[in-house]
Amino acid sequence: MSDSDSSGIENSDNDGNFIEVRDLTFYRGDRVIYQNVSLDIPRGKITAIMGPSGTGKTTLLRLIGGQLKPDSGTVKVDGKHIPNLTRKELFALRSRMGMLFQSGALFTDVSVYENVAFPLRVHTNLPEDMIRDVVLMKLHAVGLRGARNLMPSELSGGMARRVALARAIALDPDLVMYDEPFAGQDPVAMGVVVQLIRLLNDALGHTSIIVSHDVAEAASIADYIYVLADGEIIGQGAPDEVLHSDAPRLKQFMQGLPDGPVPFHFPARDLRDDLLAGVK
Amino acid sequence: MVIQVLRRVGSKGVSFLESFGASGMFLFQSLVAVPNIRNNFPLLVKQIYAVGVMSLVIIMVSGLFIGMVLALQGYNILTRYGSEQALGQLVSLTLLRELGPVVAALLFAGRAGSALTAEIGLMKSTEQIAGLEMIGVDPLRRVIAPRFWAGIICMPVLAIIFSSVGIWGASLVGVDWLGVYSGSFWANMQDSVQFSDDVLNGVIKSIAFGFVITWIAVFQGYDAVPTSEGIGQATTRTVVYASLAILGLDFILTAVMFGDL
């Protein structure tokens with residue numbers, strides 16, 4: 001476990017990494033999201049990406065998925081440098097990925113059943129009865145088999161995210177990226193989702209990335225944790241190490257302390273100056 | 001001051017060219033692919049229904065009233081010269097050459113074009129487009145291409161229906177109401193309308209309009225800022241740009257087809 005000045009690459013086993021990010025720099029306009037960030041996602045493990053809001057955790061998933069291109073640095077998924085892939089190669093690689101979006105991103109014009117069946121229909125030639133079996137098993141795993149005929153507009157936020165989870169794992173992909181999988185879940189569903197992610201990972205041996213604010217839940221199932229803030233990695237390691245770290249920034253985030261070096265406020269001028277400036 | 005104005009004009013020009021280039025690339029990537037009939041045909045049929053069949057009512061009702069008004073106005077003018085028997089000729093040539101393709105295209109831009117932009121913009125804002133990408137499905141092929149082809153297929157059919165209903169409306173007013181002799185109404189129309197000059201040119205115009213409207217609509221939707229305001233602005237842009245493009249393109253096509261250039 002280390003603080004901000006370390007990339008953590010020293011301990012990584014390159015052959016065992018499904019994703020390798022090196023010297024990643026990414027800007028949104030003039031705002032730095034990542035500055036020379038390097039990290040590894042080990043194959044077959046659950047890696048949690050944590051950090052304060054607005055630090056670019058979802059952006060990292062989009063960079064890994066090739067929806068965004070880095071300003072500099074490399075992003076390799078299973079040995080393939082994502083920004084260099086052709087459109088066709090990128091889509092072929094994405095068929096081996098599953099992503100749970102924060103919003104669910106369900107297709108609103110088709111039912112829950114059809115949403116989960118969609119990846120199976122476009123990427124396989126399975127007969128309809130087999131597609132039905134797979135869809136029902138995936139929906140059963142997230143507790144929504146009975147909701148298969150509902151339309152996405154009839155679901156709550158938490159239910160929509162569980163359907164999206166079923167869709168993300170429909171093809172049993174090599175990599176599953178979960179963006180805030182625990183948000184909006186009631187305690188029962190939360191427990192099931194936590195258990196399900198761990199179970200899927202162990203049973204199918206795929207690689208999982210969880211982006212989450214929920215420290216306890218993410219730490220309970222993650223094999224490795226990265227904590228991001230201010231465009232860099234402020235800490236990383238096994239959950240126990242990160243949870244009990246004395247590094248000030250890490251400790252503040254993991255324990256949810258209001259005061260500390262991690263800023264609560266978005267960068268701004270001094271409050272006093274701002275208030276006294278008046279309306280110009 | 002002058003420098004600032006020049007800079008602003010230059011900046012707008014560059015921005016326009018960038019946007020035009022991006023929309024060209026967007027169209028190229030959407031359409032240049034090996035056709036997959038098994039997967040794409042059902043999507044195309046669905047879009048033909050949404051874009052074409054759902055536009056039928058507005059097209060038919062508008063065509064009927066425009067034909068009726070045209071007959072009424074035409075009759076009033078032609079009777080001054082004792083030429084009311086030429087009403088069929090006037091109505092049919094006006095509708096087939098100009099009003100059919102142009103008004104149907106304007107209605108199509110307002111009804112189907114705006115709906116396409118709003119639908120694709122909303123798919124973007126609700127991350128459905130991103131969801132497709134991450135499932136490994138190219139949204140340009142899955143979402144854009146079927147809508148684009150549906151627009152091109154539907155537009156000439158709608159224009160033909162518009163003109164046909166318009167001619168029928170004109171006959172209702174001219175023949176059944178105002179008493180123009182039906183034999184001269186239909187015979188003059190049959191004599192004066194040339195298939196290649198009038199009908200075919202009208203169809204070619206409407207195919208061109210369908211291409212432009214759908215291109216603008218799908219690009220504006222795909223390029224929309226994914227907020228409610230952004231989608232509203234994109235929808236407005238679709239209607240404004242498409243309407244201007246239709247009228248400008250109509251002049252060019254008319255000049256080429258009928259202007260002896």
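Below, chain A is the first sequence line, B the second, and so on; all start at residue 1.
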>> If I compare all heavy atoms of B:Val137 with all of A:Phe118, which pair ends up nearest, and what's the gap?
In response: CG2-CE2, 3.9 Å
>> Apply side chain to side chain contact (heavy atoms under 4.5 Å, CB included) to residues B:Glu133 and A:Leu90 and explain how you reach the verdict.
In response: CA-CA 9 Å; B:Glu133 285 178 348; A:Leu90 184 60; over 6 Å; no
>> Just verifying a value: how many Å separate A:His123 NE2 and B:Ile135 CD1, rounded to the nearest 0.5 Å?
In response: 7.0 Å
>> Does any backbone or side-chain atom of A:Leu106 lie under 4.5 Å from a heavy atom of chain B? Answer side chain, backbone, both or neither.
In response: backbone
>> To check you understand the geometry: which heavy-atom pair defines the closest contact between A:Arg87 and B:Leu140, and what is its length?
In response: NH2-CD1, 3.0 Å
>> Strictly less than 4.5 Å between heavy atoms, which residues of residues 111-130 of chain B line up against chain A? Please order them by number.
In response: B:Thr126, B:Glu127, B:Gln128, B:Ala130
> Which heavy atom in A:Phe91 sits nearest to a heavy atom in B:Pro139, and how many Å separate them?
Replying inline: CZ-CD, 3.9 Å
> For B:Lys46 and A:Asp109, what are the C-alpha separation, side-chain angles and deciding distance, and is it a side chain to side chain contact (heavy atoms under 4.5 Å, CB included)?
Replying inline: CA-CA 12 Å; B:Lys46 191 178 170 189; A:Asp109 58 336; 3.1 Å; yes
>> Please rank A:Met97, A:Gln67, A:Arg62, A:Met177 by heavy-atom pairs under 4.5 Å with chain B and give me the top one.
In response: A:Gln67
>> What residues of residues 211-248 of chain B make heavy-atom contacts with chain A at a cutoff under 4.5 angstrom?
In response: none
>> So for atom NE2, which belongs to A:His140, do other residues, nucleotides or ligands contribute more than 12 heavy atoms lying within a distance under 6.0 Å?
In response: no
> Would you say B:Met60 has more than 12 foreign heavy atoms packed within less than 6.0 Å of its CE?
Replying inline: no
> Is the number of heavy atoms from other residues, nucleotides or ligands under 6.0 Å of A:Arg132 CZ greater than 12?
Replying inline: no
> Which answer fits A:Arg96, side chain, backbone, both or neither, if we ask what part of it has an atom under 4.5 Å from a heavy atom of chain B?
Replying inline: neither
